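Scroll down for the structure; my scribbles are underneath it.
Every chain is numbered from 1, with letters handed out A, B, ... down the list of sequences. None of the values given here were measured: they were computed from a predicted structure.
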There are 2 protein chains.
Amino acid sequence: MERNTRQRSAIRDAIALAARPLLPLEVLDAAQAGAPGLSIATVYRNLRAMVDEGALRMVLLPGENARYEIGGSGHHHHFQCRGCLKVFEVDACPGNLQHLAPTGFSVEDHDLTLYGRCGECLGASGGTTAQTACEH
Amino acid sequence: MERNTRQRSAIRDAIALAARPLLPLEVLDAAQAGAPGLSIATVYRNLRAMVDEGALRMVLLPGENARYEIGGSGHHHHFQCRGCLKVFEVDACPGNLQHLAPTGFSVEDHDLTLYGRCGECLGASGGTTAQTACEH
DNA sequence: ATATTTGCAAACTATTTGCAGTTGT
DNA sequence: ACAACTGCAAATAGTTTGCAAATAT
């Protein structure tokens, strides 16, 4: 039922290769290598299809456009670097947070985003804004 | 320098009265009582001005449009009800989460959103989807 | 052969901005 | 009086969709 087009493979490969959640435009950019002429509409259509199908997961950070990562990995969180603005996966989780909610509320799930400096941005410039050091 | 217009007061009052973060359209709706003819552009302009000024705080939840709440209260988090989709303030905080980040990363801050059922949605219908019970 | 997929352009939603007229001080 | 503010309409950014042509099976 699902066809294996050049475009779809290029999109999947781009995300798998990135090893971090990508924005639709980053996907377009990376996937155009393997699928010349690839359009942004096709990127969006495939991202959605692959999310429905479970192959991808949508990564939503507060105030940011949706990013996409390879699906399948279990519950985890994300870290956004304030230097290069890239997002990284974080495997740890604070666990059950029912105790934080107001009395009478029932907690079923949670989203957590950490902010700070990634190793690369910390290393490159010792502490001050590291924009220049990251290829972003 | 800042003028005290009918529109601005209506917007501030609407948010203060709501006691929970409101979407721009909810603000427009609520503030139109005190400022007939109020336009959405004016709502956006005032929200931004009041955030800059510190009177309001922007509340960003993953995958949601920005909401606005009264500023000044310290660091806190939010809870979104899966029944009525409303957002509530949560005063508790899990504290320092440096230990969750990958080695070599430095954590400066975090965002946390809890998801579940608010008291009203839990109470009203015992457990099944409570959309009807909440005025949303 | 034919149903799915694609690229393009137009539509859509949320937000911002230019401008001419209105209003607070 | 006059700068700040307002409403409207047009612009913008991100995403979705209709359609005719291209393509995988």
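- To the nearest angstrom, C1' of dA14(C) lies 12 Å from CE of Met58(B).
- The distance from atom CG of Leu38(B) to atom C1' of dT22(C) is 15 Å, rounded to the nearest whole Å.
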Run the side chain to side chain donor-acceptor pair (under 3.5 Å) check on Glu69(A) and His76(A) step by step: do they pass?
CA-CA 12 Å; Glu69(A) 66 182 10; His76(A) 61 266; 2.8 Å; yes
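- Ring centers of Tyr115(B) and Phe79(B): at least 6.0 Å apart, outside the cut-off.
- Between Arg3(B) atom CZ and dG24(C) atom C1' the separation is 5 Å, expressed in whole Å.
- Hydrophobic clustering, defined by side-chain heavy atoms of Ile, Leu, Val, Met, Phe, Trp and Tyr closer than 4.5 Å, leaves Leu17(B) isolated from every other such residue.
- The residue among Thr5(B) and Leu25(B) whose nearest nucleotide of DNA chain C lies closer to the 5′ end is Leu25(B).
- At whole-Å resolution of the value, OH in Tyr44(A) and P in dT6(C) are 16 Å apart.
- For the pair Tyr68(B) OH and dA14(C) C1', the interatomic distance rounds to 11 Å; values are reported in whole Å.
- Checked against salt bridge (Lys or Arg N to Asp or Glu O under 4.0 Å), Asp91(A) has no partners two or more places apart in sequence or in another chain.
- Think of the region where chain A sits on DNA chain D: with heavy atoms and a 4.0 Å cut, that region ends 5' and 3' at dG14(D) to dT25(D).
- Separating the CG atom of Asn46(B) from the C1' atom of dG24(C) is a distance of 14 Å, rounded to the nearest angstrom.
- With hydrogens and angles disregarded, a donor-acceptor distance shorter than 3.5 Å links the side chain of Gln98(B) to the backbone of Val107(B).
- Taking the six-membered ring for Trp, His75(B) and His110(B) have ring centres closer than 6.0 Å.
- Tracing side-chain contacts under 4.5 Å through hydrophobic residues (I, L, V, M, F, W, Y), one never reaches Val87(A) starting from Val27(A); they form parts of separate clusters.
- Checked for salt-bridge contact, Glu108(B) and Arg117(A) meet the test: a charged N lies under 4.0 Å from a carboxylate O.
- Nucleotide dA14(C) holds its C1' atom 13 Å from the CD atom of Glu64(B), rounded to whole Å.
- DNA chain C is contacted by no residue of residues 47-57 of chain A, taking any non-hydrogen atom closer than 4.0 Å.
- Residue pairs meeting the salt bridge (Lys or Arg N to Asp or Glu O under 4.0 Å) criterion with at least one partner in residues 6-16 of chain B, sequence neighbours excluded, are Glu2(B)-Arg8(B).
- Among the heavy atoms of the strands, none lies under 4.0 Å from Ile40(B).
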Atom pairs, protein N/O to nucleotides 18-20 of chain C N/O, distance under 3.5 Å:
residue: dG18(C); atom: O6; partner: Arg45(B); partner atom: NH1; Å: 3.1

| Trace of the side chain to side chain contact (heavy atoms under 4.5 Å, CB included) decision for Glu64(A) with Gln80(A) | CA-CA 11 Å; Glu64(A) 300 273 308; Gln80(A) 183 170 38; 3.3 Å; yes
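- Put simply, Leu23(A) and Val59(A) are part of two different groups of oily side chains (I, L, V, M, F, W, Y) that touch within less than 4.5 Å, one to the next.
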